[in-house]
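In what follows, a structure is listed as structure tokens, so that the remarks can point back to it.
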Amino acid sequence: MITSTSDRPALLLPVFGPLYRVAAPLTELWLRVISGVALMVHGWPKIQNPTGAADMVSGLGFAPGWLWSILLSVTEFTGGLLLALGLLTRIAAGGTTVILLVTVYFHWVVLEQGYRGAELSLIWSAVTLTFLAKGGGRFSVDRLIGREL
């Protein structure tokens, strides 16, 4: 049954409604922070050597490799930081989603690992794509400053 005030179905156990209302923004915060930190952890070695992936990205057809390697490094680390903070969330999520979709291609097609090799990148890209669509949520710097892209 759909209620008149929402497009969501009525709860089978309405007693859990208040819990869900409190938990929803907290779970969104948790997912945003964890995914941002994960991107930062993966981006940290790249930031320390920003041109280190030049040959790899060049081999994928991104030329000049040194430039794309720097962009990869900055986007992955800084995008993760911004995502964790919820600052410029949609921009950060958009950039990191692009990177993750390239890693899907890299694992699935280039390394010929198929779904098994691309699975984590697919999952992480679903997470970042969600924040691209929804923004940073209630507990984000975007919301705090009252501005969002």
Side-chain angles (χ1 to χ4, degrees), residues 1-54 56-57 60-62 64-109 115-149:
M1 173 176 169
I2 304 289
T3 64
S4 60
T5 60
S6 171
D7 61 349
R8 300 184 64 120
L11 290 174
L12 188 60
L13 298 172
V15 69
F16 290 117
L19 174 65
Y20 298 151
R21 280 189 292 282
V22 169
L26 294 174
T27 59
E28 188 174 62
L29 170 65
W30 181 250
L31 184 60
R32 186 173 45 75
V33 169
I34 292 300
S35 60
V37 169
L39 286 163
M40 289 172 61
V41 168
H42 281 270
W44 179 247
K46 294 176 186 82
I47 282 292
Q48 292 178 316
N49 182 13
T51 58
M56 188 228 8
V57 295
L60 291 172
F62 293 92
W66 65 267
L67 174 64
W68 287 103
S69 180
I70 292 170
L71 291 174
L72 165 65
S73 303
V74 170
T75 303
E76 191 170 1
F77 183 81
T78 307
L81 176 62
L82 292 172
L83 194 60
L85 293 172
L87 177 61
L88 303 172
T89 305
R90 286 191 163 112
I91 294 171
T96 55
T97 298
V98 169
I99 287 172
L100 288 161
L101 292 176
V102 171
T103 65
V104 168
Y105 171 80
F106 177 72
H107 286 280
W108 198 308
V109 176
Y115 176 80
R116 179 172 291 204
E119 182 178 23
L120 284 175
S121 293
L122 285 165
I123 292 168
W124 283 110
S125 67
V127 170
T128 57
L129 189 58
T130 298
F131 290 109
L132 175 61
K134 293 182 70 172
R138 183 183 301 170
F139 300 113
S140 66
V141 174
D142 291 337
R143 180 72 59 95
L144 182 67
I145 63 175
R147 296 278 187 241
E148 190 173 65
L149 183 65

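The shown structure was predicted, so the numbers you read here are calculated from the model rather than taken from an experiment.
- Contact annotation: the side chain of Val141 never approaches that of Leu88 to less than 4.5 Å [non-hydrogen atoms, C-beta and beyond].
- Aromatic ring pairs are classed by plane angle as parallel below 30°, tilted from 30° to 60° and perpendicular above 60°; the pair Trp44 and Phe77 is tilted.
- Counting heavy atoms from C-beta outward, Leu101 and Val98 have side chains that stay 4.5 Å or more apart.
- Within the 4.5 Å cutoff, the side chain of Leu29 has heavy atoms near those of the Val33 side chain.
- Distance check, rounded to the nearest 0.5 Å: CZ of Phe106 to OG of Ser121 gives 10.0 Å.
- Contact record, Phe16 with Leu11: C-CD1, 4.4 Å, taken as the closest heavy-atom pair.
- Minimum interatomic distance between Ile99 and Glu76 (heavy atoms only, all atoms of both residues): CD1-N, 3.8 Å.
- Between Gly79 and Ala92 the shortest heavy-atom distance is O-CB, 3.5 Å.
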Report the C-alpha distance between Ile47 and Met40 in whole Å, list the side-chain angles of each, state the deciding distance to 0.1 Å, and finish with yes or no for side chain to side chain contact (heavy atoms under 4.5 Å, CB included). CA-CA 9 Å; Ile47 282 292; Met40 289 172 61; over 6 Å; no
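- Between Phe62 and Leu71 there is no side-chain heavy-atom pair separated by less than 4.5 Å.
- Atom CG of residue Leu87 and atom CD1 of residue Ile145 lie 6.0 Å apart, to the nearest 0.5 angstrom.
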Stepwise salt bridge (charged side-chain N to carboxylate O under 4.0 Å, His left out) test for Arg138 and Glu28: CA-CA 9 Å; Arg138 183 183 301 170; Glu28 188 174 62; over 6 Å; no
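- You'll find the side chain of Leu82 stays beyond 4.5 Å of the side chain of Ile91, heavy atoms only.
- Counting heavy atoms from C-beta on, the side chains of Leu83 and Ser35 come closer than 4.5 Å.
- Formation of a donor-acceptor pair under 3.5 Å by the Asp142 side chain with backbone atoms of Thr89 is found in this model.
- Atom CH2 of Trp68 is surrounded by 12 or fewer heavy atoms from other residues, nucleotides or ligands within 6.0 Å.
- A 4.5 Å side-chain heavy-atom check between Thr96 and Phe131 finds every atom pair outside the cut-off.
- Heavy-atom minimum distance, Val22 versus Pro25: O-CD, 3.4 Å.
- Note that CZ of Arg32 and CG of Leu85 are 8.0 Å apart. Values are rounded to the nearest 0.5 Å.
- Rounding to the nearest 0.5 Å gives a distance of 10.0 Å between CZ of Arg8 and OH of Tyr20.
- In this structure a side-chain-to-backbone donor-acceptor pair under 3.5 Å is missing from Thr51 to Ala54.
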If you apply the rule side chain to side chain contact (heavy atoms under 4.5 Å, CB included), what do you find for Thr128 with Leu132, and how did you get there? CA-CA 6 Å; Thr128 57; Leu132 175 61; over 6 Å; no
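- A pairwise comparison of heavy atoms in Pro50 and Ser69 identifies O-OG, 2.6 Å as the closest pair.
- Between Arg90 and Glu148 there is a salt bridge, since at least one side-chain N of the basic residue sits less than 4.0 Å from a carboxylate O of the acidic one.
- Going from atom CG of Leu72 over to atom OG1 of Thr75 covers 7.0 Å, rounded to the nearest 0.5 Å.
- Within the 4.5 Å cutoff, no side-chain heavy atoms of Val104 are placed close to those of Leu100.
- Between Thr78 atom OG1 and Leu39 atom CG the span is 11.0 Å, to the nearest 0.5 Å.
- Between Leu26 and Phe139 the shortest heavy-atom distance is CD2-CE1, 3.8 Å.
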